[in-house]
Amino acid sequence: MTAVTVVGQHALVTGGARGIGAAITQRLRAQGCRVTVLGRSAAPGQALAEQDPDGICAVTADVADAGQLAQAVDQARRRFGPIALLVNNAGQAESAAFLKTDAALWQRMLDVNLTGTMLCTQAVLPDMLQAGWGRVINVASTAGQTGYAYVSAYCAAKHGVIGLTRALARELAATGVTVNAVCPGYTDTDLVRESLARIVSRTGRDEATARAELVKTNPQGRLIDPAEVADAVAWLCGPGAGAVTGQTISVSGGEVM
Ligand code: NAP
């Protein structure tokens, strides 16, 4: 298959204006992609688009709402053309003991992490099939590769993302579209800062102790830098990764081998 460069290609990054998503947006821009960032709130995406109007477009939608998504994807296509790369990065992580995990929390975790990934991929895949080339990268988690206590709904959803990745990679193998998952360990973003705040308020531990507990899961003893996740995503987008599909790449300091 001919190697396709990402320069000038249109990438859609869900949750692309904050945290890991913002690092991915920055990295794909540096590689020459035009990037649409999608989130529920307008302000963070608009701030990026104002700094780089020719390279970044911001749209708003909840990834779990097919109607909002269809409008946002149309708007993105009108701005930068058909979408060649999709990074399903939007996600949330709520924690609760299993017996305190009610149906609403369960559904919220499935909606944003798993159904959102499915709906975004369905919305964008026709562009890639038409072009005969595309990249879908799902930002799952080590919580999709192993279990953690007190996040059963999040773990179930992220395991689902990896199952979807594998099934879709097989289904699309002969189309020029690859589908892979990147699985970060605890990464230095708002999501982890909010988890730390919850642990502190629920357990009465101080922040340093709570942080040390999280960092202990990583054999390298540190939080992952969002830029490290973005590097793995960028490699999967590039021409050298054309034979890589259906894989899960753990960016976790060796936590999950
Ligand atoms: P973050 O800093 O909290 O950012 C989450 C992003 O997702 C925001 O831009 C947010 O924008 C967007 N988002 C959330 N819910 C959405 C929805 N329903 N529809 C559209 N956009 C939505 O989180 P992060 O740490 O960067 O996490 C990014 C991804 O990495 C997630 O899938 C997460 O599960 C995964 N991950 C994170 C870690 C970690 O330790 N940080 C570890 C493993 C995996 P709006 O609020 O504007 O919607």
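Values below: all heavy atoms of this structure, side chains included; hydrogens, waters and symmetry mates excluded. The model shown is predicted, which means the values in this text are computed figures rather than measured ones.
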Practice task
Check the surroundings of atom CD in Q75: do more than 12 heavy atoms from other residues, nucleotides or ligands lie under 6.0 Å from it?
Solution key: yes
Exercise for the section: Report yes if some heavy atom in the side chain of E213 is under 4.5 Å from a heavy atom in the side chain of R205; otherwise report no. Expected result: yes
Problem - Minimum heavy-atom distance between T14 and A90, given as atom pair plus value - result: OG1-N, 2.8 Å
Handout entry: Shortest non-hydrogen contact between V161 and A140, atoms and distance
Key = CG1-CB, 4.0 Å
Fill in the blank from the handout: For A234 and L28, the nearest pair of non-hydrogen atoms, with its separation, is CA-CD2, 4.4 Å
Exercise for the section: Supply the atom-to-atom distance R135 CZ to T245 OG1, rounded to the nearest 0.5 angstrom. Expected result: 8.5 Å
Handout entry: Contacts of type ring-ring contact (aromatic ring centres under 6.0 Å, His included), residue H159, not counting sequence neighbours
Key = none
Exercise for the section: Answer whether the closest heavy-atom distance between the side chains of L12 and C120 falls below 4.5 Å. Expected result: no
Problem - Counterpart residues, side-chain contact (heavy atoms from CB on, under 4.5 Å), relative to R79 (two or more places apart) - result: C57
Practice task
State whether the side chain of T146 and the backbone N or O of A143 hold a donor-acceptor pair below 3.5 Å, judged by distance alone.
Solution key: no
Exercise for the section: State whether the number of non-hydrogen atoms from other residues, nucleotides or ligands found under 6.0 Å of R170 atom CZ is greater than 12. Expected result: no
Exercise for the section: For residues T101 and E94, determine if any side-chain heavy atom of one lies less than 4.5 Å from a side-chain heavy atom of the other. Expected result: no
Exercise for the section: Measure across P226 and G19 and return the closest heavy-atom pair with its distance rounded to 0.1 Å. Expected result: CB-O, 4.2 Å
Practice task
Using the side-chain contact (heavy atoms from CB on, under 4.5 Å) rule, take V256 and C183 through it: C-alpha gap first, then chi angles, then the decisive distance, then the call.
Solution key: CA-CA 9 Å; V256 179; C183 297; over 6 Å; no
Handout entry: Min side-chain heavy-atom separation V177-L129 under 4.5 Å
Key = yes
Practice task
Carefully, step by step, assess N113 and S141 under the rule side-chain contact (heavy atoms from CB on, under 4.5 Å).
Solution key: CA-CA 10 Å; N113 293 297; S141 170; over 6 Å; no
Fill in the blank from the handout: One should read off an interatomic distance between M109 CE and C155 SG, to the nearest 0.5 angstrom, of 11.5 Å
Problem - Straight-line distance of L86 CG to C237 SG, nearest 0.5 Å - result: 9.5 Å
Practice task
Any chance you could measure T178, atom OG1, to W133, atom CH2, to the nearest 0.5 Å?
Solution key: 7.5 Å
Handout entry: V124-I137 co-clustered via ILVMFWY side chain contacts under 4.5 Å
Key = no
Problem - Hydrophobic cluster identity match, I20 and L114, side-chain contacts under 4.5 Å - result: no
Handout entry: Common cluster, L191/I224, ILVMFWY with side-chain heavy-atom separation under 4.5 Å
Key = no
Completion exercise
Taken to the nearest 0.5 Å, the spacing of Q51 CD from R29 CZ works out to 11.5 Å
Handout entry: Which atom of D62 lies closest to which atom of L69, heavy atoms considered
Key = O-CD1, 4.4 Å
Table please: side-chain donor-acceptor pairs of residues 34-42 below 3.5 Å, with sequence neighbours left out.
{"unit_1": "R34", "atom_1": "NE", "unit_2": "G8", "atom_2": "O", "d": "3.4"}
{"unit_1": "R34", "atom_1": "NH2", "unit_2": "G8", "atom_2": "O", "d": "3.0"}
{"unit_1": "R34", "atom_1": "NH2", "unit_2": "F80", "atom_2": "O", "d": "3.3"}
{"unit_1": "T36", "atom_1": "OG1", "unit_2": "H10", "atom_2": "NE2", "d": "2.7"}

Handout entry: Under the ring-ring contact (aromatic ring centres under 6.0 Å, His included) test, residues paired with Y150 that sit two or more places apart
Key = none
Handout entry: Cluster link V6 to I83, ILVMFWY, side chain under 4.5 Å
Key = no
Exercise for the section: Taking the side chain as every heavy atom from C-beta outward, state whether R27 and Q31 have any atom pair closer than 4.5 Å. Expected result: yes
Exercise for the section: Sequence neighbours left out, what passes side chain to side chain donor-acceptor pair (under 3.5 Å) with K100? Give chain and number order. Expected result: none
Exercise for the section: Evaluate the side-chain proximity of Q145 to S250: yes if any heavy-atom separation is below 4.5 Å, no if none is. Expected result: yes
Practice task
Would you please say whether a donor-acceptor pair under 3.5 Å links the side chains of Y148 and T142?
Solution key: yes
Handout entry: Check: T165/N138 side-chain N/O donor and acceptor closer than 3.5 Å
Key = yes
Handout entry: Close side-chain approach of Q92 and R108, heavy atoms under 4.5 Å
Key = no
Exercise for the section: Begin from the C-alpha positions of V229 and N89 and carry the test side-chain contact (heavy atoms from CB on, under 4.5 Å) through to its verdict. Expected result: CA-CA 11 Å; V229 183; N89 163 79; over 6 Å; no
Handout entry: Residues L125, L172; criterion side-chain contact (heavy atoms from CB on, under 4.5 Å); working and verdict
Key = CA-CA 10 Å; L125 187 58; L172 300 178; 3.8 Å; yes
Exercise for the section: Kindly give the heavy-atom pair with the smallest separation between A227 and A23, and that separation in Å. Expected result: N-CB, 4.0 Å
Handout entry: ILVMFWY cluster, V139 and L119 together (side-chain gap under 4.5 Å)
Key = no
Handout entry: For V244, all residues meeting side-chain contact (heavy atoms from CB on, under 4.5 Å), sequence neighbours excluded
Key = N180, W235, L236, A241, Q247
Fill in the blank from the handout: Taken to the nearest 0.5 Å, the spacing of Q71 CD from T60 OG1 works out to 9.0 Å
Handout entry: Check: D225 and D188 side chains under 4.5 Å, non-hydrogen atoms
Key = no
